[in-house]
Amino acid sequence: MTDEPCELCTTPGGDLLWRDEFCRIVLVDDPDYPGFCRVVLGRHAREMTDLTPAERVRLMNAVFATESALRGLLRPHKVNLASLGNATPHLHWHVVPRRRDDRHFPRPIWSEPSRSRVPPQAALDRGELGAALKQLLV
């Protein structure tokens with residue numbers, strides 16, 4: 001780790017939906033991608049292989065629970081899972097519900113848009129997503 005402060009060590013990284021002592025799940029404020037979530041490891045680590053095998057399973061269970069909750073609530077065409085960390089080297093997973101008509105489909109959301117802005121999508125009910133996560137992560 002460098003001497004620079006880590007954004008995900010000092011901020012939640014989004015609107016907190018669920019947390020335990022190991023990780024948190026936050027909703028990202030992106031009107032183009034309602035339901036875009038991050039699953040963030042609670043402590044600073046850069047790579048999945050920095051975790052023990054049991055911790056890897058625990059983190060991925062949170063990722064899969066997030067995917068499952070989003071699929072149930074939003075019925076997306078596809079859900080993208082990504083762990084990049086190039087800009088913020090703190091272990092976190094992006095869980096992004098995708099629609100065939102979203103701005104970047106079929107490319108990654110970080111690429112150049114495939115089409116001009118699309119009409120805004122209805123916002124996700126944050127309370128409903130939080131409740132679904134709580135039920136799945138008991």
Side-chain angles (χ1 to χ4, degrees):
M1 188 167 143
T2 68
D3 291 335
E4 296 179 29
C6 170
E7 175 186 349
L8 293 178
C9 286
T10 60
T11 70
D15 186 15
L16 187 63
L17 296 169
W18 180 89
R19 134 179 273 147
D20 69 7
E21 71 285 351
F22 181 71
C23 69
R24 65 186 175 271
I25 301 169
V26 298
L27 185 63
V28 176
D29 181 20
D30 188 333
D32 286 331
Y33 296 95
F36 179 175
C37 291
R38 283 189 196 108
V39 179
V40 183
L41 186 66
R43 71 176 193 274
H44 191 88
R46 295 173 67 95
E47 309 295 346
M48 287 294 289
T49 53
D50 292 339
L51 306 182
T52 66
E55 290 173 325
R56 292 176 203 156
V57 169
R58 187 172 177 184
L59 187 61
M60 292 312 299
N61 282 342
V63 171
F64 300 147
T66 305
E67 176 185 329
S68 181
L70 290 169
R71 288 183 71 197
L73 293 171
L74 295 178
R75 306 274 188 241
H77 172 71
K78 181 75 177 83
V79 177
N80 292 168
L81 304 177
S83 179
L84 306 171
N86 299 328
T88 306
H90 179 123
L91 189 54
H92 64 286
W93 283 84
H94 301 270
V95 184
V96 187
R98 301 294 305 272
R99 299 177 332 275
R100 289 179 197 255
D101 65 346
D102 73 38
R103 288 188 69 213
H104 295 89
F105 197 84
R107 296 188 295 216
I109 67 169
W110 299 282
S111 66
E112 288 297 316
S114 303
R115 58 193 58 81
S116 61
R117 281 215 176 266
V118 295
Q121 300 298 310
L124 175 68
D125 183 322
R126 167 188 193 292
E128 197 173 8
L129 178 56
L133 289 168
K134 189 174 184 178
Q135 183 177 7
L136 290 166
L137 290 165
V138 173

**Asked** Arg56 versus Thr49: any side-chain heavy-atom pair under 4.5 Å?
**Response** yes
Original post:
How far apart are the C-alpha atoms of Leu59 and Leu91, what are their side-chain angles, what is the distance that settles it, and do they pass the side-chain contact (heavy atoms from CB on, under 4.5 Å) test?
Top reply: CA-CA 10 Å; Leu59 187 61; Leu91 189 54; 3.8 Å; yes
Side chain proximity check, Leu81 to Val95, heavy atoms < 4.5 angstrom
yes
Indicate, with yes or no, if Leu8 and Val28 share a hydrophobic cluster defined by side-chain heavy-atom contacts under 4.5 Å among Ile, Leu, Val, Met, Phe, Trp and Tyr. no
- Query: Is the closest side-chain heavy-atom distance between Phe22 and Leu41 below 4.5 Å?
  - Reply: yes
Exercise for the section: Evaluate the side-chain contact (heavy atoms from CB on, under 4.5 Å) criterion for residues Met48 and Trp93: first the C-alpha distance (whole Å), next the side-chain angles of each, then the deciding distance (0.1 Å), finally the verdict. Expected result: CA-CA 10 Å; Met48 287 294 289; Trp93 283 84; 3.6 Å; yes
Where do Ile109 and Arg98 land on the side-chain contact (heavy atoms from CB on, under 4.5 Å) test, with the steps shown first? CA-CA 9 Å; Ile109 67 169; Arg98 301 294 305 272; 3.7 Å; yes
Practice item. Kindly indicate whether the side chain of Cys37, heavy atoms from C-beta on, has any atom under 4.5 Å from the side chain of Leu129. Key: yes
- Message: Show, in sequence, the C-alpha distance, side-chain angles and deciding distance for Leu70 and Leu124, and conclude whether the side-chain contact (heavy atoms from CB on, under 4.5 Å) test is met.
- Response: CA-CA 9 Å; Leu70 290 169; Leu124 175 68; 4.1 Å; yes
For a 4.5 angstrom cut-off between non-hydrogen side-chain atoms, does Arg43 reach Leu51? yes
**Message:** Tell me whether the count of non-hydrogen atoms from other residues, nucleotides or ligands lying under 6.0 Å of CZ in Arg107 goes above 12.
**Reply:** yes
| said: Less than 4.5 Å apart, side chain to side chain, heavy atoms only: is that true for Cys23 and Asp20? | reply: yes
The side chain to side chain donor-acceptor pair (under 3.5 Å) partner of Tyr33 among His104, His94, Arg103 is His104
Do Asp29 and Asp15 have side-chain heavy atoms sitting under 4.5 Å apart? no
Contacts of Arg75 meeting side-chain contact (heavy atoms from CB on, under 4.5 Å) (sequence neighbours excluded), chain-then-number -> none
- Using only heavy-atom distances, determine whether the side chains of Arg100 and His77 contain a donor-acceptor pair under 3.5 Å. yes
- prompt: If two hydrophobic side chains count as joined below 4.5 Å and joins carry through other members, does Met60 share a cluster with Leu137?
  reply: yes
